[in-house]
Chemist: 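Sharing a structure, written as C-alpha cells. Questions coming.
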Amino acid sequence: DESNTIVFKATDKDGDTAEDTLTLNVKDEGSQIIIKPDPDPDPVKPGFEVKIENGGFKIVVDEAYMTGGSKNPDGDPDLIPGGKVSFTIESNDGVASVTINGKTYDVENGTLKGFGNDPSDGVSGSGKLSNPTLVDNGDGTYSLSFDYTADTPHSHGQQGRDTEEGGNFDISVTGEHGGTSNSSSKVDVTDDVPGLEIASGQPGDVTDPYAGSDSDDVVNLNGGGTTSGSLNVVYGADGAAETGSLQVNINGQGFVDISFGSPISINGGTLTFSKDPDGTVRYSFAADPRSPQAVDESNTIVFKATDKDGDT
C-alpha cells in the first residue's frame, strides 16, 4: 500500500495563513483471480455424464462405450465417452500460467505452451484432457476449455456394474503478479462386464425324428443323435482375463478351463470343444446309441466368462 499527504496553505495580505491537509491512500488489492466450471458442460456422447460439484466437475463415464466395450466393440469414435469441459476465469491480473495435476504451462497467445509435448500431459486415470484453449473475453474474464476423452478401462475391485473413482484433474490458474485459484474435478467410471450367450440347441444329425430342442439352452436327444452350437462371448472394455477367461462346469464338478479338441465322456455321450480361427468357441455332443432298457440321462453344462478385473 502507498500513501500521499498534501498540505494546502492560504495567505492573506497581512500575512495570516490557513492550512488543511489532504491524505491520499493507494491500496494494493493484489492479484484477484477466480476459476469456476461453466454451468453448461457439453456431454455430447452416451456414457458421459457431467455435473458441477464442489467447485469442479463430477464426470461419470461408462466403460461399456469405450473402445472394445460391450456397447462399442468396434471402437466407434462417436460412442467413446467424452465432450468439452470449460471454465470461466475472473481475473484483474490476466492469466500467466495454468497448472494441470501439478504440471505448469505458461500461457502464450491463447495456448498452454508445451502442453502435449509429453504423452502424459492431461492424462489421469481413465481419461485425458486435450486441445486446451484460453480466450480473453475482454471484460476481465477468460474462457478456458478442454476436450475430455475417456477410453482407458479402470480396474474395479467389485463384481458387476459398480462405479469407482477413476481419475481426477486439478486445475490452478495464476495471474501476472502471482494470484492463484484452483478447481478440482473428479471422474467416476462405471464398470463394463462380460456377456455370454449359448447359441445352440439346434439338433445336428439326429437318428430319431422325435429328438429336438425345448428351448435355446435345452436340447433333447435320443440314442445316436448329435447336436452342436457355439458360444457368443463378449468380454467388454476390460478384455478377457489372462487366465481362466472361459471355463466350464459339467454336472456340478466345478469350473475348469475349457480343453479344446479332446473328447470328454459325460452322461450318455461325448462332448467336444473346438475353437475357430476367429476365436469362436464351438461344442458338439454325440449321444451314445441307446438300448430299449436304457434309462434317461441328463447333463448340466454351465459356462463362465471372466474379464481382466474379475467380473463374470
Side-chain angles (χ1 to χ4, degrees), residues 1-7 21-44 48-61 81-150 152 165-188:
D1 294 349
E2 295 181 285
S3 179
N4 297 276
T5 301
I6 304 172
V7 180
T21 301
L22 173 64
T23 301
L24 299 176
N25 294 319
V26 181
K27 184 175 179 58
D28 183 7
E29 294 184 349
S31 177
Q32 296 184 354
I33 189 166
I34 299 172
I35 181 173
K36 53 188 178 182
D38 285 349
D40 297 313
D42 185 23
V44 295
F48 181 59
E49 300 179 5
V50 185
K51 64 181 180 179
I52 294 174
E53 186 176 276
N54 299 323
F57 289 113
K58 180 178 180 181
I59 299 175
V60 181
V61 299
K84 190 172 291 295
V85 291
S86 301
F87 300 84
T88 295
I89 301 168
E90 299 174 0
S91 175
N92 67 352
D93 193 29
V95 179
S97 64
V98 176
T99 301
I100 303 171
N101 287 345
K103 190 171 183 178
T104 299
Y105 309 89
D106 292 334
V107 173
E108 185 177 274
N109 298 323
T111 64
L112 305 189
K113 185 178 179 181
F115 185 94
N117 291 344
D118 186 332
S120 67
D121 287 346
V123 175
S124 177
S126 292
K128 179 177 183 177
L129 296 172
S130 61
N131 301 323
T133 302
L134 180 69
V135 177
D136 184 348
N137 298 320
D139 58 359
T141 68
Y142 300 78
S143 297
L144 176 64
S145 63
F146 300 87
D147 292 328
Y148 178 77
T149 304
T152 301
E165 184 171 346
N168 65 286
F169 47 95
D170 298 324
I171 296 179
S172 175
V173 292
T174 302
E176 296 290 348
H177 293 86
T180 62
S181 182
N182 306 295
S183 177
S184 182
S185 298
K186 183 176 75 167
V187 180
D188 288 343

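Note that the structure is predicted; figures quoted are calculated from it, not measured.
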Chemist: For Pro119 and Lys128, work out which heavy atoms get closest and say how close.
Modeler: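 Looking at all heavy atoms of both residues, the closest pair is O-NZ, 3.8 Å.
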Chemist: Is it the case that the side chain of Asp93 and the backbone of His177 share a donor-acceptor pair, with hydrogens and angles ignored and the cut-off at 3.5 Å?
Modeler: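 Side chain of Asp93 to backbone of His177: a pair is present.
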Chemist: Once rounded to the nearest 0.5 Å, what's the spacing between atom OG1 of Thr5 and atom CG of Leu22?
Modeler: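 So the gap between those two atoms works out to 8.5 Å.
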Chemist: Does some side-chain heavy atom of Ile100 sit less than 4.5 Å from a side-chain heavy atom of Phe115?
Modeler: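 Side chain of Phe115 against side chain of Ile100, heavy atoms only: contact under 4.5 Å found.
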Chemist: Compare all side-chain heavy atoms of Val107 with those of Leu112 and state whether any distance is below 4.5 angstrom.
Modeler: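 When only atoms from C-beta onward are counted, Leu112 and Val107 do touch, with a gap below 4.5 Å.
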Chemist: Identify the heavy atoms of Val61 and Ala150 that sit nearest to each other, and give their distance.
Modeler: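 Looks like CG1-CB, 3.8 Å.
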Chemist: So which heavy atom on Tyr142 is nearest to which on Ser91, and how close?
Modeler: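 The pair with the smallest heavy-atom distance is CE1-CB, 4.1 Å.
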Chemist: Between Thr174 (side chain) and Thr180 (backbone), is there a donor-acceptor pair under 3.5 Å?
Modeler: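 No.
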Chemist: Which one of Val95, Asn182, Ile171 satisfies the side chain to side chain contact (heavy atoms under 4.5 Å, CB included) criterion with Ile35?
Modeler: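 Checked Val95, Asn182, Ile171 against Ile35; only one passes side chain to side chain contact (heavy atoms under 4.5 Å, CB included): Ile171.
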Chemist: For the pair Leu24 and Ile6, evaluate side chain to side chain contact (heavy atoms under 4.5 Å, CB included) and give the outcome as yes or no after the intermediate values.
Modeler: CA-CA 8 Å; Leu24 299 176; Ile6 304 172; 3.8 Å; yes
Chemist: Indicate the ring-plane relationship of Phe87 and Phe57, choosing parallel, tilted or perpendicular according to the 30° and 60° boundaries.
Modeler: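 Phe87 and Phe57: perpendicular rings.
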Chemist: Check for a donor-acceptor pair, side chain of Asn137 on one end and backbone N or O of Asp139 on the other, with a separation under 3.5 Å.
Modeler: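 Such a contact is absent between Asn137 side chain and Asp139 backbone.
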Chemist: For the residue pair Lys186 and Asn54, establish whether any side-chain heavy-atom pair is separated by less than 4.5 Å.
Modeler: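 Lys186 does not reach Asn54 side chain to side chain.
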Chemist: If you compare all heavy atoms of Pro37 against all heavy atoms of Gly55, which two are closest, and at what distance to 0.1 Å?
Modeler: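 Residues Pro37 and Gly55, closest heavy atoms: CD-O, 3.4 Å.
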Chemist: What do the steps show when you test Ile89 against Leu134 for side chain to side chain contact (heavy atoms under 4.5 Å, CB included), and what is the final call?
Modeler: CA-CA 10 Å; Ile89 301 168; Leu134 180 69; 4.0 Å; yes
Chemist: Could you tell me whether a side-chain N or O of Asn25 sits under 3.5 Å from a main-chain N or O of Ser3, the two making a donor and an acceptor?
Modeler: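 Side chain of Asn25 to backbone of Ser3: no pair is present.
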Chemist: Can you tell me how far the NZ atom of Lys84 sits from the CG atom of Asp147, to the nearest 0.5 Å?
Modeler: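 Result: 4.0 Å between the selected atoms.
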Chemist: Can you measure from CD1 (Ile59) to OG (Ser185) and round to the nearest 0.5 angstrom?
Modeler: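 If we round to the nearest 0.5 Å, Ile59:CD1 and Ser185:OG are 6.0 Å apart.
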Chemist: Does Asn101 offer a backbone N or O that forms a donor-acceptor pair with the side chain of Asn168 under 3.5 Å?
Modeler: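 No, because the side chain of Asn168 does not come within donor-acceptor range (under 3.5 Å) of the backbone of Asn101.
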Chemist: Ser145 and Ser86: which non-hydrogen atoms are nearest, and at how many Å?
Modeler: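 Result for this residue pair: CB-OG, 3.3 Å.
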Chemist: Would you indicate whether Lys113, at its atom NZ, is surrounded by more than 12 heavy atoms from other residues, nucleotides or ligands within a distance under 6.0 Å?
Modeler: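 No, NZ of Lys113 has 12 or fewer neighbouring heavy atoms, counting only those of other groups under 6.0 Å.
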Chemist: What distance do Tyr105 atom OH and Ser97 atom OG have between them, rounded to the nearest 0.5 Å?
Modeler: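 Interatomic distance, Tyr105 OH to Ser97 OG, rounded to 0.5 Å: 11.5 Å.
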Chemist: For the atom pair CD1 (Ile52) and NZ (Lys36), what is the distance rounded to the nearest 0.5 Å?
Modeler: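 The NZ atom of Lys36 is 10.0 Å from CD1 of Ile52, to the nearest 0.5 Å.
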Chemist: Taking atom OH of Tyr148 and atom CG of Leu129, what is their separation to the nearest 0.5 Å?
Modeler: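 Those atoms lie 7.5 Å apart.
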